[in-house]
Amino acid sequence: RNGGFVYFQDTVNPSIALLGQGGVEIYQYPYYRQGKSNNSLVDDEFRIPAPTKTDPRSDFSRYAGFASSGTLLGGAIAAGRRSDFDPPQLDSKGRAKRLNLLVYKDQQSSSAATATFEKYFLPPNISGEPYPGNTSISIQSTNFQFDDIDGDGVEDLLEATFLY
């Protein structure tokens with residue numbers, strides 16, 4: 001459904017990030033194994049499934065909103081969840097679940113090749129919260145953009161949303 005290139009601690013060879021009903025999948029360079037056909041990518045280096053749909057009328061639940069940054073956390077992507085008909089998902093205490101996320105590589109690793117992928121679920125009051133005017137519908141991501149809006153030298157995450 002969406003995706004793009006992102007540089008995770010590698011300024012020459014981009015990784016490929018794919019988002020959709022399969023969740024978030026990240027493929028790193030080299031994309032193909034030695035001796036294998038160039039018709040398919042090697043196994044993904046990172047995968048997280050899309051959140052489960054909760055309303056039987058829903059056709060899907062997927063990650064659709066996407067942005068990549070080459071500088072934030074040494075390279076990161078933002079992934080926003082979308083579905084149709086699903087009300088906001090709540091935890092056992094009635095709080096909105098964290099569904100939208102950032103994926104980045106652990107910068108404490110000794111090299112980019114051995115660094116592992118980490119995920120951080122964005123707090124719902126920042127991204128993906130229930131709509132305050134009607135808490136039975138959610139504010140869902142259509143897309144993201146990283147940019148330094150306030151001029152402080154740190155990339156900010158902008159989110160385009162719609163109500164469903």
Side-chain angles (χ1 to χ4, degrees), residues 1-31 41-51 60-84 86 88-91 95-133 135 137-164:
R1 184 70 179 160
N2 209 344
F5 297 105
V6 60
Y7 292 89
F8 292 107
Q9 302 174 348
D10 182 341
T11 59
V12 177
N13 302 303
S15 293
I16 299 171
L18 301 175
L19 286 66
Q21 291 180 31
V24 176
E25 303 166 350
I26 297 175
Y27 299 87
Q28 293 190 154
Y29 184 85
Y31 309 117
L41 295 169
V42 297
D43 295 335
D44 48 39
E45 298 286 331
F46 175 86
R47 177 185 296 246
I48 185 169
F60 58 82
S61 174
R62 67 176 185 243
Y63 280 105
F66 171 79
S68 69
S69 167
T71 59
L72 182 70
L73 300 169
I77 67 165
R81 180 222 188 224
R82 290 221 0 231
S83 71
D84 55 351
D86 285 354
Q89 294 184 10
L90 306 176
D91 66 15
R95 297 177 299 212
K97 284 187 178 179
R98 295 174 174 218
L99 298 173
N100 298 339
L101 69 147
L102 291 177
V103 179
Y104 58 95
K105 278 199 144 185
D106 176 19
Q107 292 185 319
Q108 304 303 316
S109 295
S110 57
S111 75
T114 61
T116 58
F117 283 101
E118 302 289 334
K119 62 185 177 294
Y120 172 75
F121 285 94
L122 298 167
N125 63 334
I126 294 174
S127 177
E129 71 181 347
Y131 179 58
T135 55
I137 59 177
S138 16
I139 300 172
Q140 298 192 31
S141 301
T142 57
N143 225 343
F144 289 109
Q145 173 69 37
F146 286 106
D147 209 345
D148 182 10
I149 298 300
D150 55 7
D152 65 356
V154 177
E155 288 185 318
D156 303 298
L157 179 62
L158 299 145
E159 180 179 20
T161 61
F162 76 104
L163 298 176
Y164 209 113

Beyond-backbone contact of D148 with D156, side-chain heavy atoms, under 4.5 angstrom: yes

Donor-acceptor under 3.5 Å (S68 side chain, F5 main chain): yes

Donor-acceptor contact present, side-chain N143 to main-chain F66, <3.5 Å: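 Yes, because the side chain of N143 sits within donor-acceptor range (under 3.5 Å) of the backbone of F66.
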
Member of L19, I77, N2 meeting the side-chain contact (heavy atoms from CB on, under 4.5 Å) criterion with Y63: L19

With F46 via ring-ring contact (aromatic ring centres under 6.0 Å, His included) - residues at least two apart: F117

Residue pair R81 / S61, side-chain donor-acceptor N/O under 3.5 Å: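 S61 and R81 do have a side-chain donor-acceptor pair below 3.5 Å.
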
E118 and Y120: side chain donor to acceptor below 3.5 Å: no

Looking only at heavy atoms, which two atoms of [X] and [Y] are closest? And how far apart?
| X | Y | answer |
| --- | --- | --- |
| D91 | K97 | N-CG, 3.9 Å |
| Y104 | A76 | CB-CB, 4.1 Å |
| N100 | G80 | OD1-CA, 3.3 Å |
| R62 | Q21 | CB-N, 3.6 Å |
| A50 | G20 | CB-O, 4.1 Å |

Derivation and outcome, side chain to side chain contact (heavy atoms under 4.5 Å, CB included), residues K105 and E45: CA-CA 11 Å; K105 278 199 144 185; E45 298 286 331; over 6 Å; no

Rounded distance [0.5 Å steps], [atom1] in [X] versus [atom2] in [Y]:
| X | Y | atom1 | atom2 | value |
| --- | --- | --- | --- | --- |
| R82 | T161 | CZ | OG1 | 10.5 Å |
| L158 | I149 | CG | CD1 | 4.5 Å |
| S127 | L122 | OG | CG | 5.0 Å |

Pairs touching residues 70-80 that satisfy side-chain hydrogen bond (donor to acceptor under 3.5 Å, both in side chains), sequence neighbours left out: T71-E155

Working for side chain to side chain contact (heavy atoms under 4.5 Å, CB included), residues L157 and F146: CA-CA 5 Å; L157 179 62; F146 286 106; 3.7 Å; yes

Side chain to side chain contact (heavy atoms under 4.5 Å, CB included) evaluation trace for V6 with V103: CA-CA 11 Å; V6 60; V103 179; over 6 Å; no

